[in-house]
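Accompanying notes for the structure given below.
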There are 2 protein chains.
Amino acid sequence: MLNTYSTEDKVLLAVDCIIFGFDKEELKILLIKRDFEPEKGKWSLMGGFLKQNENLDQAADRILSTLTGINNVYMEQLHSYSKVDRDPAERTISVAYYALINIEDHNAELIEKYSAKWFSIKKAPDLIFDHNIMVKHAISRLRYKTSKEPLGFELLPPKFTMRQLQKLYEAILNQKLDKRNFINKINSLDILIKLDEKDMNSSRKGSFLYMFDEEKYKRKKAEGFSFKV
Amino acid sequence: MLNTYSTEDKVLLAVDCIIFGFDKEELKILLIKRDFEPEKGKWSLMGGFLKQNENLDQAADRILSTLTGINNVYMEQLHSYSKVDRDPAERTISVAYYALINIEDHNAELIEKYSAKWFSIKKAPDLIFDHNIMVKHAISRLRYKTSKEPLGFELLPPKFTMRQLQKLYEAILNQKLDKRNFINKINSLDILIKLDEKDMNSSRKGSFLYMFDEEKYKRKKAEGFSFKV
DNA sequence: CCAAAAGTGTTATAAGTACACCCATGC
DNA sequence: GCATGGGTGTACTTATAACACTTTTGG
């Protein structure tokens, strides 16, 4: 291999993951209690270092999978954080990723192994380094993205009720939405499949379950349709 | 300094800049002809490596300034690119930034020194590595950002005509806009100062010059106003 | 006097917002 | 039979989109 850049400084490149989940009422993030220095014992995002033979997306997948046992989830690069002394141990640049997972899918043993815990985004503890700002940015990006692309479904089980979907959007946007307007809007998008099945847990009457019709969405998108909530 | 992460791989971190300008008709980017290997003689974004004592924003400023002689311009981090073999010389992760400059401000000597040239985004040459995709992403981000924040003015001289502003937005959005609707919309935002002065270059009648009223915009923004084109 | 760009309002359509009652069921 | 959450439609307001003629002035 050529080595044209040999006089340049090298740095450690970390990847930190903001892992979002939704538990029927609140938007949550999965945090770990650090069991290593620096800042041992404090709450932190799950992270790791980029290896020579992988790209950032792969590193993010690996790190997410290490903590949750889940693969193939929606992940997106957020931003790179590079303040010179952001990590007191050593110069480290961190690339933040956020992931959307169905909270039911996580692996309880792994969560325990890493002393991880789900926190409501409204009641999350103070985090190490610049992780607080990463979370803030991630929420802001999540708001933008879920209003322009059908990503909210990533946070729900495959079958969900209209009310669950509404509550999800309310949690993401941090505001109440009008029930009728919300349903009208979602229905007008015409990308859900209404099942015959009802969810009987939430009320006596029961409420119909829906599924996201990904194929239909893709077809419509190819024809110029754009999702908008 | 502690050295907790000593077994981890380190990498070279490059910063590449997509430098946008506007020349009254077209949206342009400033490219350099590489005078070093690999890919010597090919067109490329201006780039450099992150140094130990600076953060990414500072590195981007430094790199922009090296080529244009300009400081204090609007710059924003775009994305990090990390394909393992993206640079054949050595494993390098690149963080792309885009900058908006008033094309009149650039330093001609520096441009010459780096064999740099302004290219219309529609007629830009093929670039090295993954720089083509970086430019594509930057244009897409620019579209989004300039429609939500008053950043277009960064690409214009301090005094500009309505028609110039419209042509700028047409170039960014890559579509014709209706003259009356555009002016009505801009005026309804109420963030421009109409000068008594006219620009007599573009027509016999001459057209009024405007300036962006940044203070007014800030005040309105603080009161909940949001820019939208 | 005419060519060339500047400037100016109204109407129609679409999107968004506000809002209240009946339904089905388990207890 | 009643408490609980599910489900449904219309009127109003706001935003967006379409569209054509008059003005100014240097040559």
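Below, read A as the first sequence line, B as the second, and so on, with proteins coming before strands; counting in each chain starts at 1.
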Requested in this report: Indicate whether any N or O donor in one side chain lies under 3.5 Å from an N or O acceptor in the other, for B/D16 and B/S94.
Outcome: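 Short answer, yes.
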Query raised in the report: Does anything in residues 140-151 of chain A pair up under side chain to side chain donor-acceptor pair (under 3.5 Å), and if so which pairs, sequence neighbours excluded?
Result: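 Qualifying pairs, neighbours excluded: A/E76-A/R141, A/K145-A/E149.
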**Report entry** Nucleotide C/dG16, atom P - distance to NZ of A/K176 in whole Å
**Finding:**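 Roughly 21 Å, once rounded to whole Å.
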Report task. Can you tell me the distance, in whole Å, between the NZ atom of B/K228 and the P atom of D/dT14? Result ->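 B/K228 atom NZ is separated from D/dT14 atom P by 17 Å.
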Any donor-acceptor N/O pair under 3.5 Å between [N] base and [X] side chain:
X      : N      : value
A/R204 : C/dC27 : no
B/K179 : C/dG7  : yes
A/K205 : C/dA24 : no
A/R180 : C/dA20 : yes

Query - Residue met sooner reading DNA chain C from 5', once B/M162 and A/N181 are mapped to nucleotides - result: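 By nearest-heavy-atom nucleotide position, the 5'-most residue is B/M162.
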Query raised in the report: Would you say B/R163 reaches C/dA5's phosphate, i.e. side-chain N/O to OP1/OP2 under 4.0 Å?
Result: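 So the side-chain polar atoms of B/R163 never come under 4.0 Å of the phosphate oxygens OP1 or OP2 of C/dA5.
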Query raised in the report: Taking C-beta and beyond as the side chain, do A/D190 and A/D213 meet within less than 4.5 Å on heavy atoms?
Result: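 SC-SC contact between A/D190 and A/D213 ruled out.
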Report task. Under 4.0 Å between any heavy atoms, over every strand shown, what does B/K198 touch: base, sugar-phosphate, or nothing? Just pick one. Result ->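 Result for B/K198 = nothing.
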